[in-house]
Amino acid sequence: MIPALSAFIGLIVLAWGVGVPALDSAAGALPWAVREQALYLSGLLAIGLMSLAMVLATRPAWLERPLGGLDRIFRMHKWAGILAGVFAALHWLIELSDDLIKSIFGRGERPHGEESGGLLDNLREAGEELGEFAIYLMLAMVVLSLLKRFPYKFWRHLHRAMPVLYLMLAFHAAVLAPVEYWTQPAGALLALLLAAGTVAAALSLGGRIGRERRVHGVVTALSSPAPDITEVTCRLDGEWRGHRAGQFAFVGFERFEGAHPFTIASADRGDRSVRFQIKALGDYTRQLSNRIAVGQAVTVEGPYGRFVLGRHDRQARQIWVAGGIGITPFLAWLEALHAHPDEAPAADLHYSTRDRAHDPFVARLETLCAGLPSVTLHIHDSSTDGLLTAERLSALHDARQRAEVWFCGPRGFAEQLRAGLARAWGRRLRFHQEAFELR
């Protein structure tokens, strides 16, 4: 994600830098010329990153392969939005810096604004007012997105206003960009970004995001294998295209609540049946077992994700690590391997649980792994054995061999393992992680 986002920012800076000599900012005194170019660059970065965030919000499945899955697309969407807010705030502060420059350097040879007269001046005036109002609202949205205590159910509805804010800022950027820009690389890039972002905003406002991957179905089975786990099985209609073990889908049981992402915990058997193991992690999931019933309609959008067994390196030692509900993609993997057990790779599956005796997945894992001799199951009970650490994993495996780790679980757990295993294995280690976050 970081290299792709850095390259995108670099492209915008390069396009701006190529066009700087062609702009008439050199006619002003140096402080005013610097202010003007800083204003242009910060504005380009803000609207460019917001355009990128809008495009990524459409769940573009065609980007899953180059970017590594929809989970990483959403992470890139999140950081593009945050950085857009940062550059928008900087753009606003630079705009307010004229009084400071006048107090230090005097008015000097301040560049005069473009004078076109007529309709264009009116549009620019409207663009300034809309842009300032939209920046305030966008910054508020960024702050709320970063406040994890702000309830998701409210944040999700507020987030729907982002396409409208984007269109306001796109209008601001289009009418206030220097006329010279439109004949320079910066203008061509800006036009492309505004067009892509506007189309993405229209898709969002029209409710068309993910529509081609959305199917209907019914809940066929419902159970609670543990007090904090709800197991839901759904039968989908004929438009379901099937899934690969390890993928996830957006599942909606209620129209107002909307769809939530859950990993598909079952292998694809060709009968359009999918199973989800849903852990009570928030207000919605805690109440889920009381809000749905067998026979209830359901919508499922997907499948998405690249956390699939087919991507494993056949030349590297396979180490699979799951924490808590992160076991769900591995349940699907193991079920899928049962159809062709001779194709199962030699792998060690480490499952970290708080209480082995009361964990609903342990017996299921033992049964599945018993039919796959090449897969060795390790259960780590934190209540008796302590937390699973990178040091404990390294002691169980030869760090001199090339290894590939597939991880699904809490983010803090992943960061601890990734850092510790990297110290032990160095370049001989590849670490795959299901990194899905909506905010």
Side-chain angles (χ1 to χ4, degrees), residues 1-6 65-69 71-72 75-76 79 245-246 248 263 305-334 336-337 343-356 359 361-362 365-366 368-370 372-437:
M1 178 203 73
I2 294 177
L5 201 53
S6 299
R65 182 182 293 273
L67 294 183
D71 54 338
R72 284 166 175 76
R75 178 180 284 188
M76 189 173 178
W79 283 105
F248 66 90
T263 299
R306 298 272 294 162
F307 196 84
V308 293
L309 185 59
R311 295 177 61 209
H312 79 277
D313 183 351
R314 299 181 184 276
Q315 304 302 317
R317 181 67 185 179
Q318 293 296 303
I319 303 174
W320 305 344
V321 184
I325 199 62
I327 194 62
T328 50
F330 297 107
L331 288 173
W333 279 20
L334 295 173
L337 288 172
E343 297 180 4
D348 288 89
L349 172 56
H350 297 267
Y351 176 46
S352 179
T353 176
R354 293 181 179 177
D355 185 357
R356 174 175 183 158
D359 190 291
F361 301 121
V362 170
L365 286 170
E366 290 174 338
L368 288 170
C369 290
L372 298 169
S374 65
V375 179
T376 303
L377 177 63
H378 307 263
I379 304 295
H380 302 271
D381 188 338
S382 61
S383 65
T384 58
D385 306 329
L387 296 175
L388 176 61
T389 64
E391 289 71 25
R392 288 178 61 188
L393 270 180
S394 299
L396 294 171
H397 302 285
D398 187 356
R400 294 171 299 179
Q401 295 180 339
R402 192 153 57 93
E404 189 173 42
V405 174
W406 292 82
F407 175 90
C408 188
R411 183 172 63 178
F413 186 19
E415 292 173 352
Q416 177 262 127
L417 285 182
R418 183 193 291 268
L421 294 175
R423 288 192 294 270
W425 262 274
R427 294 181 178 273
R428 294 183 297 277
L429 177 77
R430 289 190 64 192
F431 195 98
H432 302 271
Q433 178 188 355
E434 184 86 290
F436 193 83
E437 285 186 313

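Remember, it's a predicted structure, so these values are computed and weren't measured experimentally. Reckoned from all heavy atoms, side chains included, excluding hydrogens, waters and symmetry mates.
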Between CH2 of W320 and CG of L377, what distance do you get to the nearest 0.5 Å?
11.0 Å
Any side-chain heavy-atom pair from L349 and L334 closer than 4.5 angstrom?
yes
What's the separation between atom CD in E404 and atom CD in Q318, rounded to the nearest 0.5 Å?
4.5 Å
Donor-acceptor under 3.5 Å (E391 side chain, G420 main chain):
no
Determine whether F248 and P329 make a side-chain contact, defined as any pair of heavy atoms from C-beta on separated by less than 4.5 Å.
no
Can you measure from CG (D313) to CZ (R430) and round to the nearest 0.5 angstrom?
6.5 Å
Quick one: sort the F330 and W333 rings into parallel, tilted or perpendicular, breaks at 30° and 60°.
perpendicular
Write down the atom of A4, the atom of L67, and the distance for their closest heavy-atom approach.
CB-CD2, 4.1 Å
Side chains of Y351 and D359: does their closest heavy-atom pair fall under 4.5 Å?
yes
Could you tell me if the side chain of L396 sits less than 4.5 Å from the side chain of D348, heavy atoms only?
no
Can you measure from CD (Q401) to CH2 (W425) and round to the nearest 0.5 angstrom?
9.0 Å
So do D355 and T384 actually touch side chain to side chain, heavy atoms under 4.5 Å?
no
How many angstroms lie between atom CZ of R418 and atom CZ of R411, to the nearest 0.5 angstrom?
12.0 Å
If I compare all heavy atoms of L417 with all of T389, which pair ends up nearest, and what's the gap?
CD2-C, 3.7 Å
Roughly how far apart are F361 CZ and I325 CD1, rounded to 0.5 Å?
4.0 Å
Does F413 have its ring centroid less than 6.0 Å away from the ring centroid of F407?
yes
Tell me the closest heavy-atom pair linking A390 and L421, and the distance in Å.
CB-N, 3.7 Å
Residue pair H350 / R392, side-chain heavy-atom distance below 4.5 Å:
no
Can you give me the closest heavy-atom contact between R311 and W406, atom names plus distance?
CB-CH2, 3.8 Å
Identify the heavy atoms of F307 and H432 that sit nearest to each other, and give their distance.
CE1-O, 4.2 Å
State, to 0.1 Å, how close G246 and A332 come at their nearest heavy-atom pair, and which atoms those are.
N-CB, 3.9 Å
So, the side chain of S383 versus the backbone of R354: is there a donor-acceptor pair under 3.5 Å, distance only?
yes
Looking only at atom types and distance, does a side-chain atom of D385 sit under 3.5 Å from a main-chain N or O of H380, one as donor and one as acceptor?
no
May I ask you to test the R72-Q433 pair for a side-chain heavy-atom distance under 4.5 Å?
yes
Carboxylate-amine/guanidinium proximity below 4.0 Å for R317 and D398:
no
Residues in side-chain contact (heavy atoms from CB on, under 4.5 Å) contact with S374, at least two apart in sequence or another chain
A344
